[in-house]
2 protein chains.
Amino acid sequence: MSWPTLQQLRYFVAIADSGSFSVAADQQFVSQPALSAQIKELERKLGVTLFERTNRGVLLTTHGVGVLKRARVVLREVVGLIEATMHDGKRLRGEIGLGVIPTFAPYILPDVVRSFKAAHPDAELRIFELKTNDLLDSLRRGEIDLGLLALPVFSDEFLCAPIAEDKFLLAMPSNHELAHTKSPIKLEKLRGERVILLEEGHCLRDQVAQVCQLAFSEPSEIQATSMATLSQMVAAGMGVTLLPECAEKVEAGSGRGIVTRRFAGQSTSRTIGLIWRRSWPFTEMFTDLAEQIGKNKRFSQTANVQK
Amino acid sequence: MSWPTLQQLRYFVAIADSGSFSVAADQQFVSQPALSAQIKELERKLGVTLFERTNRGVLLTTHGVGVLKRARVVLREVVGLIEATMHDGKRLRGEIGLGVIPTFAPYILPDVVRSFKAAHPDAELRIFELKTNDLLDSLRRGEIDLGLLALPVFSDEFLCAPIAEDKFLLAMPSNHELAHTKSPIKLEKLRGERVILLEEGHCLRDQVAQVCQLAFSEPSEIQATSMATLSQMVAAGMGVTLLPECAEKVEAGSGRGIVTRRFAGQSTSRTIGLIWRRSWPFTEMFTDLAEQIGKNKRFSQTANVQK
DNA sequence: CCAAGACATAACTAAATCTTATGATACTTT
DNA sequence: AAAGTATCATAAGATTTAGTTATGTCTTGG
């Protein structure tokens, strides 16, 4: 008897569900040849062809249908084993996967990790930097257990809890004309400014773009691949940007050639929050955690939870 | 979420069942540190200690008990998947493990493989040379699916089917006084001869020793580690031995300095047979196979199935 | 107090797995 | 039709995982 591996079964189910090696490969964060090889191996061990390969994807064979049903049972049992073991109702333990979006990771992760460790000393955090969409996919498939991202997320597969509000600040080069303004800046001042955005795929880009629209401002053509690049571009005088408050200390600290100013009135912001699978037992663990992080955070002195 | 591997679960169950890392390591044919490492990894991933290590073995912790129950379910489901997939009721397919005892392997394996391939063209044989006890353990644990050994085996976990009788011949150096006898030799002639045996652990050793006892002959102190060594010892004049007929052509072919003679009367023999788990669906596949092998065998022209 | 047996640790080796680059084939678009 | 763009397969090389042998630590029984 030749035993398949759980990984082969996971890959098989992912391909069967998506109907495509390539799509499943993206989902599973491996290359497509890796799947080809593993499925080939699985087929060899079982002695049946599982997929009918076409040029527009793949189709399950009759054998594939049978194996799929049983593979799902196996995987469900394993998930059951894991979920039943990795907590005692109050505290997590073992290896917990946490996904964080790139525009939060460098700034608030330290606080999150600190609060997490305090609340769940027997758990071992494994952190993945993922953009919102990938994060949700990963969460859905059980590759990670917890996400740190900007709320809201509209999906009934998940539950979430807010941690704090993260206001947007105007960030400009030190020699900018608005740099010497003492009072909060009105949103309308954005009009006519070249606002640099992050590249596609970052939720922060969309949020900032939306604010620009609100101010009838046309964002710059220039795109930055990361917050670090973005702030350097601003420092270099290529334009201004809306910097999340949580990133202020790191990206606009003294001596970096960047000045930040708050906006006047009802300020625009994004909500920092935790998200997890609805199926996770004991949701309280995570709502409590979100509250603790909000309470003990250091990344932003002024932000306050908006209920 | 961090996934355990099926291998870790198998190791875990083996250790839990045997109550010892070392014993389980032997069973699984890996070294004890390999188990230590895998269990450590499993414990890390789950965040619980599974065993209480003592100096007289190990004991399941309360967490261990819970995981054990679920791990069994997982493994059972996987076995179900495999067994449901790897045959269509008539023919096997995929990777089939066959265990063969060392005193059969070199001589009758070719015939077995030939018959097997003819009957199950879509299956891929994977052959393991194992002494009877290890073979049965392997079979029990699903590492192999089929065994080729000397019957009878007393255990209701297994089913078996006879293939052929394998008579014992007297093998002696060409210059031996009995070498020129034309007629079958009486068993009593063994008395006084130095009969060389295989080393401990080979079932053939026990069978031959029993025959010697029957003939009131005291086996030699000398032991051979394999049939090949054994026949060379005989050729070198160190003694005589009882050679299974199936090995005659290979070990006592012309020019090897060994002469073989049949015994008179009701000849002593061992039964060549197939064995498999009782739980295997469609036993007919294997009884048919045993019959085919017996019918198409070439390793021994004179042997006949004794029903 | 020593020897034996149990599991853990360390250093090294072997094997399984993944990645990148490339190939083959069939639709789609121009 | 020719070119382009999907698809999955294959190949070569790098990486990671798992396993082996040798050794250490601790307990127990003689």
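Proteins come first, then strands; the chains are lettered A, B, ... in the order of their sequence lines, and each starts at number 1.
Counting heavy atoms from C-beta on, the side chains of A:R278 and A:F158 never come closer than 4.5 Å. Residues A:H202 and A:M227 have side chains not in contact (no heavy-atom distance under 4.5 Å, counting atoms from C-beta outward). A:E124 is not listed as a side-chain neighbour of A:R93, based on a closest heavy-atom distance of 4.5 Å or more.
Per the geometry, CD belonging to A:E43 stands 8 Å off P belonging to D:dA9, to the nearest Å. Whole-Å rounding puts the A:Q8 CD to C:dC18 C1' distance at 14 Å. Taking atom CD1 on B:I39 and atom P on C:dA8, their separation rounds to 10 Å, with Å as the unit. In this structure, A:L35 places its CG atom 8 Å from P of C:dC18, rounding to the nearest Å. B:L6 has its CG atom 15 Å from the C1' atom of D:dA18, to the nearest Å. Taking atom CZ of residue A:F21 and atom P of nucleotide D:dA6, one finds them 19 Å apart after rounding to whole Å. Rounded to whole Å, the distance from CD on B:Q7 to P on C:dA15 is 14 Å. Summarising the geometry, the separation between CD on B:E41 and C1' on C:dA8 is reported as 16 Å, rounded to the nearest angstrom.
Distances shown here put every side-chain N or O of A:Y11 at or beyond 4.0 Å from the OP1 or OP2 atom of C:dT17. Considering only side-chain N and O atoms, B:S22 lies nowhere under 4.0 angstrom from the phosphate OP1 or OP2 of C:dG5. At C:dA26, none of the side-chain N or O atoms of A:T54 fall inside 4.0 Å of OP1 or OP2 (strictly under the cut-off). The side chain of A:K40 contributes no N or O atom lying less than 4.0 Å from OP1 or OP2 of D:dC8. Taking only side-chain nitrogens and oxygens, A:S36 comes nearer than 4.0 Å to OP1 or OP2 of D:dA9.
In this structure, B:F51 and B:F21 have perpendicular ring planes: the angle between them is above 60°, well past the 30° mark.
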Under 3.5 Å, which protein N or O atoms sit close to an N or O of nucleotides 20-25 of chain D? Give each pair with its distance.
residue, atom, partner, partner atom, Å
D:dT20, OP2, B:S31, N, 2.7
D:dT20, OP2, B:S31, OG, 2.7

Which atoms of nucleotides 28-30 of chain C (N or O only) lie under 3.5 Å from a protein N or O atom, and what are those distances?
none

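Applying the salt bridge (Lys or Arg N to Asp or Glu O under 4.0 Å) rule to B:E157 yields the partners B:R140; only residues at least two apart in sequence or on another chain are considered. Partners of A:R76 according to the side-chain hydrogen bond (donor to acceptor under 3.5 Å, both in side chains) rule, which considers only residues two or more places apart in sequence or in another chain, do not exist here.
Of the residues B:L139, B:I144, B:L136, the one that meets the side-chain contact (heavy atoms from CB on, under 4.5 Å) test with B:L130 is B:I144.
Nucleic acid contact class of A:F51 (heavy atoms, under 4.0 Å, all strands): none.
Checking C:dC18, D:dC8, C:dC7 against every side-chain atom of B:V58, the shortest atom distance belongs to C:dC7.
Nearest-nucleotide positions on DNA chain C for B:A37 and A:Q38 put B:A37 closer to the 5' end.
Of the inter-residue distances, the one linking A:E41 atom CD with B:E95 atom CD reads 7.0 Å to the nearest 0.5 angstrom.
Listed for the A:H87 side chain is a donor-acceptor partner under 3.5 Å among the backbone atoms of A:G89. Formation of a donor-acceptor pair under 3.5 Å by the A:T61 side chain with backbone atoms of A:T49 is found in this model.
Of the charged side-chain nitrogens involved, at least one lies within less than 4.0 Å of a carboxylate oxygen, so that B:R53 and B:E43 count as a salt-bridged pair.
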Output a table of donor-acceptor pairs, distance under 3.5 Å, between side-chain atoms of residues 98-107 of chain B and any protein atom two or more places apart or on a different chain; print 'none' if there are none.
residue, atom, partner, partner atom, Å
B:T103, OG1, B:R270, NH1, 3.0
B:Y107, OH, B:E251, OE2, 2.6

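One end of the helix from C:dC1-D:dG30 to C:dT30-D:dA1 points its axis 20° away from the other end's axis, with each axis taken from 5 pairs and the angle rounded to 10°.
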